[in-house]
Each structure stands twice: as C-alpha cells, then as structure tokens.
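Chain letters run A, B, ... following the sequence lines, proteins first and then strands; every chain starts at 1. Below, each value reflects all heavy atoms present in this structure, side chains not excepted, and no hydrogens, waters or symmetry copies.
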Amino acid sequence: MRWIWLDRILELEKAKRCVAIRNVTAAEDVLHDHFASSKTNTLGGYNGSATGCAPGSEHPAYLVMPNTLIIEGYAQTAGILTGHANGFREKVILAKIGKAVFTGLSATPGTTIRHTAEITHLDERGSSTSGVVELLDPADPGAEPKPLATIEMMFSHIDQNMQGLAFPEENFVFTDQFMDLIARSGV
Amino acid sequence: MSMSDEEIFEKIQEVLEDALGVDEDEVVPTARLGEDLGAESIDYLDISFRLEKAFGIKIGETEMFDQSVLSDAQYVQDGKVTEAGLAELRAKMPHADLDTFAQDPQVEKLGDVFTVDMVCKFVKSKLG
C-alpha cells in the first residue's frame with residue numbers, strides 16, 4: 001500500500017476488527033471525472049432524487065465516490081487489520097475479492113464512508129476478512145448509518161506464498177504513510 | 001458424530017460455490033477445479049481457508065494440493081514427471097487418484113488430478 005485512502009482509524013482490535021473512515025469531498029478530482037458533466041448524461045439524481053435536468057441538456061458532473069475506490073478503502077482497512085495481527089512483519093497483499101455487493105446508495109460530497117472489517121480466518125499464509133461499508137451523513141447525526149456495501153476479501157502474506165518468487169527485504173506494503181495514519185488515529 | 005459421504009460432498013459443494021462463484025450443478029465429483037471450475041492459484045488458498053472453517057480442520061500449506069514435486073529437477077524430465085516423482089506424489093497426496101495421470105504424466109496435466117472428488121477424499125481422510 002503506497003497511498004492512503006483512509007482519513008482515520010477509529011478502532012483496531014488485534015486480529016479481530018478494524019473500523020476506519022473516509023470523508024468524501026468535492027475537492028477531489030476523481031469525483032468530477034467519474035461521471036463527468038455531459039450533454040448525453042442520462043443519469044438520475046442523487047440517491048433517488050431528481051436533478052431536474054431535461055434529457056439531452058447539459059448535466060453537471062455526478063459527484064460520487066466510485067465503487068472501485070470504496071473497495072480500495074475497505075482493502076486498506078482490512079489490510080491494516082491483517083498486518084497489525086502480526087506486528088506488521090508480513091507483507092500483506094490483496095489476493096482476492098470474494099464478494100463486493102453494493103446497495104446502490106451514493107457516497108456524495110459531505111458524507112463519510114465507514115469501513116468495518118473483521119477477520120474470519122488468519123494463519124501464516126494470510127487472512128480472510130468480511131465486512132460492511134456504511135454511509136454517515138453529518139447533516140443527520142442522529143440517523144443510523146446506511147449500508148453501502150458488503151465485502152469479502154482475502155490477503156496473502158507474500159513471503160509465505162512465494163512460489164519461487166523473491167521479494168525485497170523491506171516491508172514495502174506498510175510504509176511510513178501507514179504507520180503515520182495509525183499513529184495520528186491514536187489507536 | 002461422523003459425517004456421511006453425502007454430507008461431506010454437500011458441504012464441499014457449498015464451499016466451492018462460494019469460493020469460485022460457480023453453480024451447484026457444476027460442482028460434480030469429476031469436475032476439475034482449474035479446467036472446469038476456473039480456479040486460479042489464489043483460489044486454492046481460499047478453498048483451504050473455507051474448508052478449515054466448514055469442517056473445523058487444519059490444513060497444511062501443501063497438504064491438499066502439493067505441486068512441489070514439479071519444481072524438483074530430480075522428479076521431472078523432458079516435461080514429464082518421472083517414476084520417482086510419481087511415487088513422491090502418491091506419498092504426498094494419497095487422496096489423489098494419479099492412475100490416469102501416470103499414463104501420460106505431463107507436468108501441465110497435473111492440475112487435472114485436482115477434482116472435486118479428490119477434495120472429498122482429502123476432507124474425509126482429515127475427518128477420519
């Protein structure tokens with residue numbers, strides 16, 4: 001993991017569970033580029049609401065966090081959980097997305113994505129995790145989080161599953177960026 | 001309480017459906033995990049994890065699918081597994097039916113040995 005797609009870790013229980021959040025902001029280019037403004041944009045409104053744009057008219061960009069990047073956020077959450085279980089000695093690599101089912105809800109600017117990953121299997125070869133991704137709306141702080149996705153993901157300790165390949169000595173997965181995230185999260 | 005062969009098969013069927021995203025009717029005893037069900041290398045680890053959970057057993061890294069013989073020069077000649085290599089495979093994977101493979105033991109055909117039936121026999125031996 002050489003880039004950080006999480007803002008803060010809220011909970012980190014060794015070899016069991018990790019909860020992390022990612023705030024969604026309109027300042028990110030990726031939101032503007034995912035469903036860019038277009039005259040041929042036929043998308044509907046946000047989370048079921050109508051945009052009021054007539055078909056064929058110029059639509060503004062549809063600002064939403066791409067599902068692929070929501071999966072990345074979960075991967076980092078579950079990857080940290082797996083790495084932490086062994087004191088970050090192993091190089092933890094995403095091996096398989098067993099399942100990623102999305103509810104269809106949109107993670108729009110101003111909302112917060114919350115990833116909760118739990119380990120279902122852990123041994124010297126790697127881990128299996130399952131978890132939920134939820135949407136929190138600061139405009140409605142008392143509301144229950146809304147489900148965005150359920151995800152199952154496997155991680156491999158690559159030094160234990162080398163199959164004849166050699167990898168660098170240093171742990172290029174858990175770089176200082178990740179250690180800084182954990183440190184500033186205070187978990 | 002011991003499980004019947006049918007109960008073992010049904011659980012394995014469920015494991016393979018979940019791990020490989022295949023339909024129940026595709027998971028027949030003769031189906032090859034790679035060629036017929038589309039398993040890739042990481043799927044074998046996933047299958048091991050899921051079998052451990054489903055049956056409450058512990059499976060060693062190369063216990064069920066051991067291909068280490070193929071990377072040992074003394075057991076492979078001209079792209080084929082030698083007699084000594086076949087003996088080693090039989091010793092390491094007693095749950096595998098190697099008779100058909102032994103007739104034309106080309107290295108790339110070893111994957112054909114990894115069938116649903118082989119997984120059933122392996123789990124049965126672990127539970128036994």
Side-chain angles (χ1 to χ4, degrees), chain A residues 1 15-18 67-68 71-72 74-76 78-79 81-86 89-102 117-132 149-167 173, chain B residues 11-24 26-27 33-34 37-76 79 85 92 107-108 110-111 114 119 122-123 126:
Chain A
M1 294 185 230
K16 285 191 176 172
R17 169 184 157 94
C18 183
N67 287 352
T68 46
I71 291 175
E72 172 65 25
Y74 177 86
Q76 294 193 8
L81 174 63
T82 301
H84 179 256
N86 289 299
R89 287 184 297 276
E90 298 286 352
K91 301 180 185 92
V92 175
I93 295 293
L94 197 172
K96 179 177 176 179
I97 301 170
K99 185 172 88 173
V101 179
F102 286 82
E118 294 187 346
I119 283 184
T120 55
H121 187 107
L122 175 72
D123 68 18
E124 66 283 359
R125 295 168 292 178
S127 76
S128 285
T129 73
S130 72
V132 293
T150 52
I151 298 178
E152 290 179 8
M153 199 174 278
M154 262 184 74
F155 294 85
S156 172
H157 295 152
I158 54 169
D159 286 336
Q160 312 298 329
N161 301 294
M162 292 174 75
Q163 298 187 333
L165 299 172
F167 296 98
V173 178
Chain B
K11 264 196 167 185
I12 288 171
Q13 205 172 27
E14 206 174 307
V15 162
L16 295 176
E17 282 173 52
D18 290 342
L20 303 175
V22 292
D23 293 330
E24 182 182 327
E26 293 178 83
V27 187
L33 300 186
L37 302 182
E40 296 180 8
S41 60
I42 198 65
D43 293 319
Y44 293 97
L45 186 59
D46 189 13
I47 291 166
S48 286
F49 282 0
R50 289 174 189 270
L51 288 175
E52 288 189 2
K53 192 177 177 190
F55 292 97
I57 55 178
K58 180 71 189 158
I59 302 172
E61 191 178 351
T62 57
E63 202 178 356
M64 182 162 52
F65 309 108
D66 193 334
Q67 299 195 65
S68 59
V69 165
L70 302 184
S71 55
D72 191 329
Q74 66 170 320
Y75 295 134
V76 179
K92 286 185 168 178
V107 166
E108 65 265 28
L110 182 61
F114 302 149
V119 176
F122 172 76
V123 169
K126 293 291 284 185

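- Residue B:D46 holds its CG atom at 11.5 Å from OG of A:S156, rounded to the nearest 0.5 Å.
- Considering CG of A:D123 and CZ of B:F49, their distance stands at 4.5 Å, rounded to 0.5 Å.
- To the nearest 0.5 Å, the span separating NZ on B:K53 from NE2 on A:H121 amounts to 10.0 Å.
- From A:K96, atom NZ reaches atom CD of B:E40 across 9.0 Å, with rounding to the nearest 0.5 Å.
- Using a 4.5 Å cut-off between heavy atoms, B:S68 does not touch chain A at all.
- Considering every non-hydrogen atom in both A:R125 and B:I59, the closest pair reads NH2-O, 3.4 Å.
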